[in-house]
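Input: a single structure, listed below in structure tokens.
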Amino acid sequence: MISEKKQRVGVLGAGQLALMLAEAADSLGVSVVCAGQPGDCAGQVAEVVRVDLDDAREVAAFADSVDLVTIESENIHAEVLQGLNLYPNARAVGIAQDRLIEKQFFQACGIGTAPFAQVDSLEDLQRAAESIGLPAILKTRRMGYDGKGQVRLHSVEQAAEAWTEVGGVPCILEGRVSFSAEVSLIAARGRGGEIVFYPLVENVHEDGILRVSRAPFVDGDLQRLAEQYMRSVLEKLEYIGVLAIEFFVREDVLLANEMAPRVHNSGHWTIEGAATSQFANHLRAICGMELGSTQSRPTVLLNCIGSMPREEETAKYAGLARHDYGKEGRPGRKVGHLTFSAEDVASIEVWRQRLEAEA
Ligand code: AMP
């Protein structure tokens, strides 16, 4: 009998995204090895190799031990990524890790964004507040996630305080968008250039952290527009793997907020809600396999932030999927999520309310 060697995918990072990639890898004949630290949560299901992700030599040695490398966070220094057999490619990751370059890139793709200006000094900030108008949000160009590295600005008098609060690092000032909804689109592009799209998802954030995702966000015109934007981004970047783009909805317009060059929290519902999860499709794409169907059922996802609800509470409901990442509880930390899939969108709304009451 011929036994083919399993492809070894190395994930830079060993948090919950790596954990769920490793879970999906099992049925694909792929093995996932994670670069992280002892005790990282992916260690519950996958091998975790101790690697300092800031150290280019350690990362290169890890990359040599696997067939290809992917990421679970875009906040890895661009220099560390150079020369790796990396999917998605380092250019895509580099663009996504800098809010200024990312917004300029969206505009080059013909995609609208909130008004923004580069801010490298307090004087820049004061000028930008005049030109963009207030209220606005000062965001660090790098290392921002879950609302971190952001300061709301309501008056020019607050500029000095805001500049100190972000630590005087390179930033953008972004005009505050009054949106009717926040949505995200997740897609996967394979090595042959084929693309599959999931339905748009509506996202609700609390304190800058994703709380609820509801799929689908039913709007045929916006779905088509989002897919057109996504295709343009994927093709310009020669992207391989799963990409998420977050948008603000303002009437019939989509304004891109940011993109994530990886599997994304607003796609966790696909584990139960879609024929192929985002995790399986990411591995399929980067390993050169055929992409799986994105056919899906209405599904709601609730993030568990700070702590998990008691098991007795969630076990009461048949059909409720509980994902506990096995992480220590801490305020503001995503420690797990709950998912419920149904036949119709109306039941999803009932479930959203029920889950929120539980949490
Ligand atoms: P971000 O880290 O850029 O995704 O921001 C976190 C959350 O803050 C977003 O999901 C929005 O809810 C809110 N937010 C960020 N930028 C803006 C903006 N320009 N206008 C209005 N709300 C925003």
Side-chain angles (χ1 to χ4, degrees), residues 13 71-81 88-153 158-159 162-179 182-186 203 205 207-210 226 229-230 232-234 236-237 239 243-250 253-266:
I71 53 167
E72 70 150 15
S73 161
E74 55 278 28
N75 290 327
I76 295 184
H77 292 297
E79 318 77 82
V80 170
L81 300 176
N89 60 60
R91 177 171 168 243
V93 180
I95 291 173
Q97 64 184 209
D98 183 324
R99 288 186 190 273
L100 177 64
I101 312 262
E102 182 181 54
K103 287 221 158 39
Q104 290 168 337
F105 175 75
F106 283 139
Q107 294 197 332
C109 293
I111 306 172
T113 66
F116 64 93
Q118 180 170 354
V119 171
D120 292 320
S121 64
L122 177 57
E123 294 69 43
D124 283 351
L125 177 56
Q126 285 157 338
R127 262 194 303 272
E130 296 287 334
S131 61
I132 286 176
L134 297 173
I137 306 172
L138 183 64
K139 299 183 177 181
T140 59
R141 282 173 59 177
R142 292 175 169 274
M143 306 303 270
Y145 65 96
D146 286 349
K148 294 189 174 64
Q150 297 192 11
V151 183
R152 317 255 142 177
L153 203 67
Q158 282 178 293
W163 185 240
T164 307
E165 202 170 320
V166 296
V169 297
C171 283
I172 59 169
L173 186 71
E174 201 177 292
R176 198 168 84 199
V177 176
S178 49
F179 51 78
E182 288 189 82
V183 297
S184 54
L185 186 71
I186 293 180
N203 300 317
H205 293 83
D207 302 325
I209 304 178
L210 181 68
Y229 288 164
M230 175 63 89
S232 162
V233 169
L234 289 170
K236 273 210 171 60
L237 293 173
Y239 192 97
L243 177 74
I245 306 183
E246 294 183 60
F247 299 97
F248 300 125
V249 179
R250 208 174 51 193
V253 172
L254 289 177
L255 300 174
N257 178 31
E258 60 181 358
M259 62 180 178
R262 53 172 168 78
V263 288
H264 190 251
N265 194 171
S266 68

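Keep in mind the model is a prediction, meaning the values are calculated, not measured.
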Derivation and outcome, side chain to side chain contact (heavy atoms under 4.5 Å, CB included), residues Tyr239 and Val233: CA-CA 8 Å; Tyr239 192 97; Val233 169; over 6 Å; no
Any non-hydrogen side-chain atom of Val119 less than 4.5 Å from a side-chain atom of Trp163? yes
From the list His264, Arg262, Met259, side chain to side chain contact (heavy atoms under 4.5 Å, CB included) partner of Leu243 resolves to Met259
Say you draw a straight line from CD1 of Ile95 to CZ of Phe105; how long is it, rounded to the nearest 0.5 Å? 5.0 Å
Donor-acceptor contact below 3.5 Å, side chain Asp207 vs main chain Ile209: no
How far does OG1 of Thr113 sit from CD of Gln104, to the nearest 0.5 angstrom? 10.0 Å
Evaluate the side chain to side chain contact (heavy atoms under 4.5 Å, CB included) criterion for residues His205 and Glu246: first the C-alpha distance (whole Å), next the side-chain angles of each, then the deciding distance (0.1 Å), finally the verdict. CA-CA 12 Å; His205 293 83; Glu246 294 183 60; 3.9 Å; yes
Which atoms form the tightest heavy-atom contact between Ala159 and Gln126, and what is the distance? CB-CG, 4.1 Å
Relative to the ring of Phe247, is the ring of Tyr229 parallel (under 30°), tilted (30 to 60°) or perpendicular (over 60°)? tilted
Let me see the working for Lys139 and Phe116 under side chain to side chain contact (heavy atoms under 4.5 Å, CB included), right down to the final yes or no. CA-CA 10 Å; Lys139 299 183 177 181; Phe116 64 93; over 6 Å; no
From Ser73 atom OG to Met143 atom CE, the distance as rounded to the nearest 0.5 Å: 7.0 Å
What's the separation between atom OG1 in Thr164 and atom CG in Leu122, rounded to the nearest 0.5 Å? 7.5 Å
Without swapping roles, check the side chain of Gln118 against the backbone of Leu100 for a donor-acceptor pair under 3.5 Å. no
At what distance, to the nearest 0.5 angstrom, does CG of Leu81 lie from CD1 of Ile71? 7.0 Å
Determine whether a donor-acceptor pair (N or O, by modelled atom type, separation under 3.5 Å) exists between the side chain of Lys103 and the backbone of Asn257. yes
Derivation of the side chain to side chain contact (heavy atoms under 4.5 Å, CB included) call for Leu153 and Leu138: CA-CA 7 Å; Leu153 203 67; Leu138 183 64; 5.7 Å; no
Sorted by first residue and then second, give each salt bridge (Lys or Arg N to Asp or Glu O under 4.0 Å) pair with at least one member in residues 105-125; sequence neighbours left out. Asp124-Arg127
Give, for atom CD1 of Ile245 and atom CG of Leu234, the distance between the pair rounded to the nearest 0.5 Å. 6.5 Å
Salt-bridge contact Arg99-Glu174 (side-chain N to carboxylate O under 4.0 Å): no
